[in-house]
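Down below is the structure, laid out as structure tokens.
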Amino acid sequence: MPEAPEVQTVLSTLETQIQNLKILKVDVFYEKILANPSIKELLVGQSFLQFHRIGKYLIFTTELYDFIVHLRMEGKFYLLNEIPKEKKHIHVIFSLSDGRFLCYHDTRKFGRMELYPKQEDKYNCPALKKVGWDVLDERYTPMYLYSKIHTSKRSLKAVLLDQSIQAGIGNIYADEICFASRLDPRTRAYRLSKKDCQILVKESKRILAGAMKYGGTTIRSYTSSLGVTGLFQLKLHVHTKEGCPCDVCSNPVIKTFVNNRGTYICTHCQKRK
DNA sequence: AAGTTCCCCTGTTAGC
DNA sequence: TGCTAACAGGGGAACT
């Protein structure tokens, strides 16, 4: 389940591997991955020139376009020397000018690919129109967060997962950010002070940046196999730790549901306001 | 308008 | 043992 750090790892690896390579051919085996079937033809002859990430969106800029890919739950890229025999979950294959193949693999078929005319400011791309600042963007500040949520009745967790407020946080990191901020994810957003927003923004940036650094170091040993996947190896304190003793206070971590999402909390460390 | 629920998918696991 | 049902989850559509 790639969140911003895993997406960044995929992007960085691809940047070193496929920059300036031209797309000779695109084969699509599951059309619904593409927002528009014409993408297949439009990309032929284009080259992967620049690589950007906003939240969980990958942005590959070519001569004419911004090619936007969202991996959703299980999307992965593999860079292979030949087309694999087992293509069950491979839905798109890009034939590249160096003879290799960039294969898009996605068991649940949730991923999406979109194509738009190239924009200077990627936030202007139609695919990202409703996406808020990336968590690591300097414009994502405590006051920005406070202004977005201080009248909202929604839970803190819902707000952290809302990509139109800030982009890049998924279910795992949302729980970890709440734990690090010592806030109960069920807290109503309007109850959060400016000081709470300061802590939340700081911890969000710290945790995502830390995970990216880790992913970036771990991926190197995998580049030889050219399997380009995001690695999630950050040390988790609460997420998936139901019943485990809290790393801080040793009380058991509980699992509950917030906004229909499995949510892990140390109710001793995390205060509900 | 804001907030919630449903749905898209399929592999894995829990339950009978 | 073998089957079905529930579950996981990002985000957009549909609904309240």
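Only this structure's heavy atoms are used, side chains among them; waters, hydrogens and symmetry mates stay out.
In terms of the ring pair (Phe, Tyr, Trp, His ring centres under 6.0 Å) criterion, Phe29(A) has no residue partners (sequence neighbours excluded). Phe101(A) pairs by the ring pair (Phe, Tyr, Trp, His ring centres under 6.0 Å) definition with nothing, not counting sequence neighbours. When the side chain to side chain contact (heavy atoms under 4.5 Å, CB included) test is applied to Lys273(A), the partners found at least two apart in sequence or on another chain are Leu183(A), Thr187(A), Arg191(A), Asp196(A). Partners of Asp162(A) according to the side chain to side chain contact (heavy atoms under 4.5 Å, CB included) rule, which considers only residues two or more places apart in sequence or in another chain, are Arg154(A), Ser164(A), Ile165(A). With sequence neighbours excluded, no residue forms a ring pair (Phe, Tyr, Trp, His ring centres under 6.0 Å) with Tyr116(A). For the side chain to side chain contact (heavy atoms under 4.5 Å, CB included) test, residues two or more places apart in sequence or in another chain that qualify with Val44(A) are Val26(A).
Rounded to a whole Å, the CG atom of Asn260(A) is 13 Å from the P atom of dG10(C). What separates CG of Asp162(A) from P of dG10(C) is a distance of 13 Å, to the nearest Å. Note: CE (Met113(A)) to C1' (dC8(B)) measures 17 Å, nearest angstrom. Across the protein-nucleic acid pair, Leu58(A) atom CG and dG10(C) atom C1' stand 14 Å apart, rounded to whole Å. The distance between atom CD of Glu74(A) and atom P of dC8(B), rounded to the nearest whole Å, is 17 Å. The interatomic distance linking His91(A) (NE2) with dC8(B) (C1') rounds to 13 Å, in whole Å. In this entry the distance linking OH of Tyr190(A) with P of dG3(B) reads 11 Å, nearest Å. If you take CE of Met73(A) and C1' of dT12(B), they are 13 Å apart, rounded to a whole angstrom.
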key: Base versus backbone protein contacts along nucleotides 11-16 of chain C [heavy-atom cut-off under 4.0 Å; B, S, -]   = BS----
Quiz: residues 119-127 of chain A side-chain donor-acceptor pairs under 3.5 angstrom, not counting sequence neighbours:
from      : atom 1 : to        : atom 2 : distance (Å)
Asp121(A) : OD1    : Tyr123(A) : N      : 3.0
Lys122(A) : NZ     : Thr61(A)  : OG1    : 3.3
Lys122(A) : NZ     : Asp66(A)  : OD1    : 2.7
Lys122(A) : NZ     : Asp66(A)  : OD2    : 3.4
Lys122(A) : NZ     : Gln119(A) : O      : 2.7
Tyr123(A) : OH     : Asp134(A) : N      : 2.9

List, one per line, each side-chain donor-acceptor pair under 3.5 Å for residues 33-43 of chain A, sequence neighbours excluded.
from     : atom 1 : to       : atom 2 : distance (Å)
Asn36(A) : OD1    : Ser38(A) : N      : 2.8
Asn36(A) : OD1    : Ser38(A) : OG     : 2.9
Lys40(A) : NZ     : Glu31(A) : OE2    : 3.0

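Within the structure, ring-ring contact (aromatic ring centres under 6.0 Å, His included) pairs that include any residue of residues 148-168 of chain A comprise Tyr146(A)-His150(A) (at least two apart or interchain).
DNA chain C lies under 4.0 Å from no heavy atom of any residue of residues 145-156 of chain A. Non-hydrogen atoms lying under 4.0 Å from DNA chain B are contributed by Thr107(A), Arg108(A), Lys109(A), Phe110(A), all within residues 103-112 of chain A.
Figure legend: cation-pi geometry between Lys241(A) and Tyr264(A) absent, as NZ or CZ is not positioned both under 6.0 Å from the six-membered ring centre and within 45° of its axis.
Within 6.0 Å of NZ in Lys194(A) there are 12 or fewer heavy atoms belonging to other residues, nucleotides or ligands.
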